[in-house]
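Position 1 is the first residue of the sequence; numbering continues from there. Counting starts at 1 for both ligands and their atoms, in listed order.
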Amino acid sequence: MQKSKVDVILGIQWGDEGKGKIVDVLASGYDIVARFQGGPNAGHTIKFGGMTHVLHTIPSGIFHEGKVNVIGNGVLIDACIVCEEIENLRKAGIEARDRMVISDKANLILPTHRLLDAALEQKKGSKKIGSTVKGIGPAYTDKVARCGLRMGDVFASSFQGKYEALKADHLLQLKNLGFDLEAARIDGKTLAEYEKAWMSGIEELRSFQVLPTEIYLNRALAEGKTVLAEGAQGSLLDVDFGSYPFVTSSSTVTAGVCVGLGVPPSAIGKVYGVFKAYCTRVGSGPFPTELHDATGEELRAKGHEFGATTGRPRRTGWLDLPALRYTLMINGITDLVVMKADVMDEFDTVKVAVGYTLDGKKMEYYPTTEQAERVVPEYKELPGWKSSIGQARRYEELPAAFRSYLDFICQETGSQIKVVSVGPDREETIIRGE
Ligand code: IMP
């Protein structure tokens, strides 16, 4: 029986909400921080002490001494990328090996998964998903097809043989897709070069604690230790509830915590839903409130809306409350966390979508992917706060017009805002009730 709970931090839009910062801020109140899905398609940016750190696979609690960071069974690991993260942390004076455990059931992204991702995207042409091309789709496909390689496999003498067999299968698939293997590069490297770096990455990972983290976590909960589960991507990119097929290949919602860490639903405590005061999306797929004008440009420029993993410019638009209501419902959000409202500090007015119409009729339920391409958002225009919120450290110090804007969101979603981020730094955060 658990004596404590797993609290969850999730993105409730299309990813890039700023979850990494919030995990880092809240991590001090927990014993363990655990990633439960996704892989190096994620880019979690954390700023403190004049430094910026970007993590892709490693949980964002890694900067806190005395905390254990878990890479759960639901996560995908690219040995090259995770070792680059480990090396960057080492340069910053942090030895990840001392603060991290890895699930023996976490699946590996092989170099050829990366190539397959690129080949499959290429084949889709104009219907491409806009994948980060980190091998996520093909690696989860192999996991579900029961032919993937897992972290636990790297210790067995059969590992090399299994690797070669899976690689041979991938090469055949690539050949059938007409993929030009000679010309292909993975992060600037040929397949042979990337494979060499990947194998040394595997060697390094063998020195880490690789264990059944589901047992580790359940024991910790029974002992009263607290766990913070860190989501990647966002609920609108969830493989079931996102705008399929323009989604990622994992369960990014609260239910994903149970399968991605092996903890029972009864262990879930608070669920923090992180959202930006406006919307962004990278890659293809419907985006009802998207802006194609100067305001959209302004949001992109002021919000530095370029991918932390790919550098791609993000699509931008107004806050979408019907979408938030949907993701609040799926996730059972208990507390909202609002990010990057400071980007709109100078706006005269701020728009928020409060509903959608389709073919002239008000939509009563959240649209399908096809409908979402055609819905017309109904907007409410609210006064801007026309002042900088960045210096506020207590909720009461925030401008009245901004607080009215937040009240409006709470009223429309029936939820409460617990955390207000007023800038990118760890310090620029207001936690209500503290
Ligand atoms: P994949 O997960 O790399 O296959 O990409 C599938 C879709 O999810 C694409 O539209 C990506 O741009 C998007 N995506 C994947 N990871 C992230 C993320 O961490 N932030 C935002 N979008 C993401």
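Residues that satisfy the ring pair (Phe, Tyr, Trp, His ring centres under 6.0 Å) test with Phe287, not counting sequence neighbours, are Trp14. Applying the ring pair (Phe, Tyr, Trp, His ring centres under 6.0 Å) test to Phe179 and every residue at least two apart in sequence or in another chain returns nothing. Qualifying ring pair (Phe, Tyr, Trp, His ring centres under 6.0 Å) partners for Tyr326, counting only residues two or more places apart in sequence or in other chains: Tyr366.
Residue Glu95 qualifies as enclosed at atom CD: its count of foreign heavy atoms under 6.0 Å is above 12. Within 6.0 Å of atom CD in Glu193, more than 12 heavy atoms from other residues, nucleotides or ligands are found, so the atom counts as buried in its surroundings.
Between Asp238 and Val247 the shortest side-chain heavy-atom distance does not fall below 4.5 Å.
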Which protein N or O atoms sit under 3.5 Å from any N or O of ligand 1? Give each pair with its distance.
{"residue": "ligand 1", "atom": "2 (O)", "partner": "Asn41", "partner atom": "ND2", "Å": "2.9"}
{"residue": "ligand 1", "atom": "2 (O)", "partner": "Thr248", "partner atom": "OG1", "Å": "2.6"}
{"residue": "ligand 1", "atom": "3 (O)", "partner": "Ser131", "partner atom": "OG", "Å": "3.3"}
{"residue": "ligand 1", "atom": "3 (O)", "partner": "Thr132", "partner atom": "N", "Å": "2.9"}
{"residue": "ligand 1", "atom": "3 (O)", "partner": "Thr132", "partner atom": "OG1", "Å": "2.5"}
{"residue": "ligand 1", "atom": "4 (O)", "partner": "Ser131", "partner atom": "OG", "Å": "3.3"}
{"residue": "ligand 1", "atom": "10 (O)", "partner": "Ile129", "partner atom": "O", "Å": "3.4"}
{"residue": "ligand 1", "atom": "10 (O)", "partner": "Val282", "partner atom": "O", "Å": "3.1"}
{"residue": "ligand 1", "atom": "12 (O)", "partner": "Gly130", "partner atom": "O", "Å": "3.3"}
{"residue": "ligand 1", "atom": "12 (O)", "partner": "Val282", "partner atom": "O", "Å": "3.1"}
{"residue": "ligand 1", "atom": "12 (O)", "partner": "Arg312", "partner atom": "NH2", "Å": "3.0"}
{"residue": "ligand 1", "atom": "16 (N)", "partner": "Gln233", "partner atom": "NE2", "Å": "3.3"}
{"residue": "ligand 1", "atom": "19 (O)", "partner": "Asn41", "partner atom": "O", "Å": "3.3"}
{"residue": "ligand 1", "atom": "19 (O)", "partner": "Gln233", "partner atom": "NE2", "Å": "3.4"}
{"residue": "ligand 1", "atom": "20 (N)", "partner": "Asp16", "partner atom": "OD1", "Å": "3.0"}

